[in-house]
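These notes are about the structure you will find just below.
Just so we're on the same page: letters track the sequence lines, and every chain starts at 1.
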Protein chains: 2
Amino acid sequence: MRTLVKNIDGFLRDQGIKASYQRIRILDYLQNSYEHPSVSTIYQDLHPHIPSLSRATVYNTLNLFLEKKLVAVINTEGVEARYDIADPNHGHFQCLVCDTIFDIPTEQSRTFPAALDGFQVTSSQWHFKGVCPKCLEAKKQQ
Amino acid sequence: MRTLVKNIDGFLRDQGIKASYQRIRILDYLQNSYEHPSVSTIYQDLHPHIPSLSRATVYNTLNLFLEKKLVAVINTEGVEARYDIADPNHGHFQCLVCDTIFDIPTEQSRTFPAALDGFQVTSSQWHFKGVCPKCLEAKKQQ
DNA sequence: ATTCTTGCAAATCATTTGCACTTTA
DNA sequence: TAAAGTGCAAATGATTTGCAAGAAT
């Protein structure tokens with residue numbers, strides 16, 4: 001995706017997902033978030049606006065979206081899983097200082113290593129770790 | 001690495017790590033394991049031979065090895081972390097059926113995407129998921 | 001003797017589950 | 001109204017922590 005869906009309600013229905021209020025709000029949140037949020041983040045941001053929302057629902061919804069391939073989990077350094085609107089054409093850089101995850105476009109559609117002959121590859125992730133420019137700068141100031 | 005260290009005792013000392021019996025056995029285990037073991041696996045395999053061994057020690061030791069960059073965590077589908085003798089020159093394929101993790105040599109030393117200019121990259125991982133040849137074959141038999 | 005490591009049990013934290021209640025189609 | 005989704009609280013499971021006992025230099 002990353003092309004914003006305007007009619008989330010209809011979009012979910014097309015995916016064979018019942019369009020509950022919570023699901024619509026969570027997908028909407030994911031669409032407008034560039035922060036690769038964790039469950040806690042989603043819950044904290046949405047809970048004030050949807051007081052009845054429970055963590056379990058956020059987990060349920062994300063697991064459903066995962067199954068339907070609307071979102072992807074990013075394998076991270078750290079305990080909590082982070083989620084991303086599904087899009088195979090980018091990698092991720094995780095800053096070990098501020099924990100921000102950046103999208104990294106990987107220009108050429110990369111060809112898989114020859115060693116993968118005979119494997120059925122359903123997804124691939126390129127993941128980088130290190131220090132982001134902002135934190136590098138901050139470190140220099142000290 | 002992946003070039004086996006014969007003198008683990010001295011090797012650990014060179015890294016500034018006190019060579020306790022448990023640490024030696026755990027590093028030895030990792031060196032001779034091609035299964036990208038989890039903490040449970042390591043514990044289960046080693047405990048019969050070292051009855052006093054505790055899970056906490058396995059965690060402690062792995063965290064120490066991580067700090068010293070002797071091992072790397074593989075970000076996986078699934079709950080438990082999986083460990084690997086540190087070696088930046090390969091990626092991983094995780095079979096979603098049997099949960100085996102395969103080393104995938106990535107021939108060319110890949111150049112990083114241009115989008116990473118200004119970032120300090122300390123590690124990169126290329127991670128694939130799907131179905132391994134053996135499980136594909138098994139599926140066909142049905 | 002001092003310092004570091006171990007092992008146990010308890011604590012913590014992310015995620016899942018069971019079940020009664022509510023919403024959606 | 002039937003079927004599916006939600007919310008709560010309790011359960012689970014991985015990992016961490018505090019601390020007393022043990023090992024290494």
Side-chain angles (χ1 to χ4, degrees), chain A residues 7-29 36-68 70-83 99, chain B residues 8-10 12-29 36-68 70-83 99:
Chain A
N7 177 13
I8 296 187
D9 193 280
F11 173 77
L12 285 177
R13 236 175 286 273
D14 290 348
Q15 309 287 321
I17 300 176
K18 233 179 222 179
S20 76
Y21 181 62
Q22 291 84 336
R23 288 172 180 175
I24 293 171
R25 294 298 304 267
I26 291 171
L27 183 54
D28 177 57
Y29 178 92
H36 308 87
S38 64
V39 165
S40 320
T41 310
I42 298 172
Y43 177 76
Q44 280 161 31
D45 288 354
L46 247 33
H47 185 240
H49 304 107
I50 315 172
S52 79
L53 185 67
S54 79
R55 269 190 180 73
T57 297
V58 179
Y59 277 104
N60 285 339
T61 303
L62 288 171
N63 285 338
L64 176 67
F65 287 176
L66 273 176
E67 263 172 46
K68 301 289 186 172
L70 303 187
V71 300
V73 192
I74 307 173
N75 305 131
T76 62
E77 189 87 356
V79 270
E80 272 188 298
R82 304 276 286 265
Y83 297 85
D99 205 38
Chain B
I8 296 188
D9 193 280
L12 284 177
R13 236 175 283 275
D14 290 349
Q15 309 287 321
I17 299 177
K18 235 178 220 176
S20 76
Y21 181 62
Q22 291 84 336
R23 289 171 180 174
I24 293 172
R25 293 299 303 268
I26 291 172
L27 183 55
D28 176 58
Y29 178 93
H36 308 88
S38 64
V39 166
S40 320
T41 310
I42 299 172
Y43 177 76
Q44 279 160 32
D45 288 354
L46 246 34
H47 186 241
H49 305 106
I50 315 170
S52 80
L53 185 67
S54 80
R55 270 190 180 73
T57 297
V58 179
Y59 277 105
N60 285 340
T61 303
L62 287 172
N63 285 337
L64 177 68
F65 287 176
L66 274 176
E67 261 173 48
K68 301 288 186 173
L70 303 187
V71 299
V73 193
I74 307 173
N75 305 131
T76 63
E77 190 87 357
V79 270
E80 272 187 298
R82 305 275 286 264
Y83 297 84
D99 205 39

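- When the P atom of C/dT15 is taken as reference, atom CD of B/Glu80 falls 15 Å away, rounded to whole Å.
- Inspection of the B/Arg25 and B/Tyr21 side chains reveals an N or O donor paired with an N or O acceptor under 3.5 Å.
- Annotation: of the two residues near DNA chain D, A/Leu64 and B/Tyr83, the 5′-most nearest-nucleotide partner is A/Leu64.
- You'll find the side chain of A/Thr41 reaches within 4.5 Å of the side chain of A/Tyr29, heavy atoms only.
- The distance from atom NZ of A/Lys18 to atom C1' of C/dA25 is 6 Å, rounded to the nearest whole Å.
- When heavy atoms are screened at a 4.0 angstrom cut-off, A/Arg23 is found touching the sugar-phosphate backbone but no base atom.
- Distances shown here put every side-chain N or O of B/Gln22 at or beyond 4.0 Å from the OP1 or OP2 atom of D/dA23.
- If you measure from atom NE2 of B/His47 to atom C1' of C/dG7, you get 10 Å, rounded to the nearest angstrom.
- Within the nucleic acid shown, A/Arg25 has no heavy atom closer than 4.0 Å to any nucleic acid atom.
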Before you tell me yes or no, could you show the steps for A/Glu80 and A/Ser40 under side chain to side chain donor-acceptor pair (under 3.5 Å), namely the whole-Å CA-CA distance, both residues' side-chain angles and the distance that decides it to 0.1 Å?
CA-CA 9 Å; A/Glu80 272 188 298; A/Ser40 320; 2.2 Å; yes
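- What separates CG of B/Asn60 from P of C/dT6 is a distance of 7 Å, to the nearest Å.
- To the nearest angstrom, P of C/dT6 lies 14 Å from OH of B/Tyr43.
- Looking at heavy-atom distances under 4.0 Å, A/Ser40 makes no contact with the nucleic acid at all.
- With a 4.5 Å cut-off on side-chain heavy atoms, B/Arg82 and B/Asp99 count as touching.
- The nearest whole Å value for the distance from the CG atom in B/Leu12 to the P atom in D/dT25 is 12 Å.
- Taking 4.0 angstrom as the limit, A/Arg13 places none of its side-chain polar atoms (N or O) nearer than this to OP1 or OP2 of C/dT24.
- Phosphate contact (OP1/OP2 of D/dG5, side-chain N/O of A/Ser20, threshold under 4.0 Å): absent.
- Using a 4.5 Å heavy-atom cutoff, the side chains of B/Leu66 and B/Leu62 are not in contact.
- Rounded to an integer number of Å, the gap from A/Tyr59 OH to C/dT15 P is 3 Å.
- Look at A/Ser54 and you won't find any side-chain N or O under 4.0 angstrom from OP1 or OP2 of D/dT6.
- Between A/Ile17 atom CD1 and C/dT24 atom P the separation is 16 Å, expressed in whole Å.
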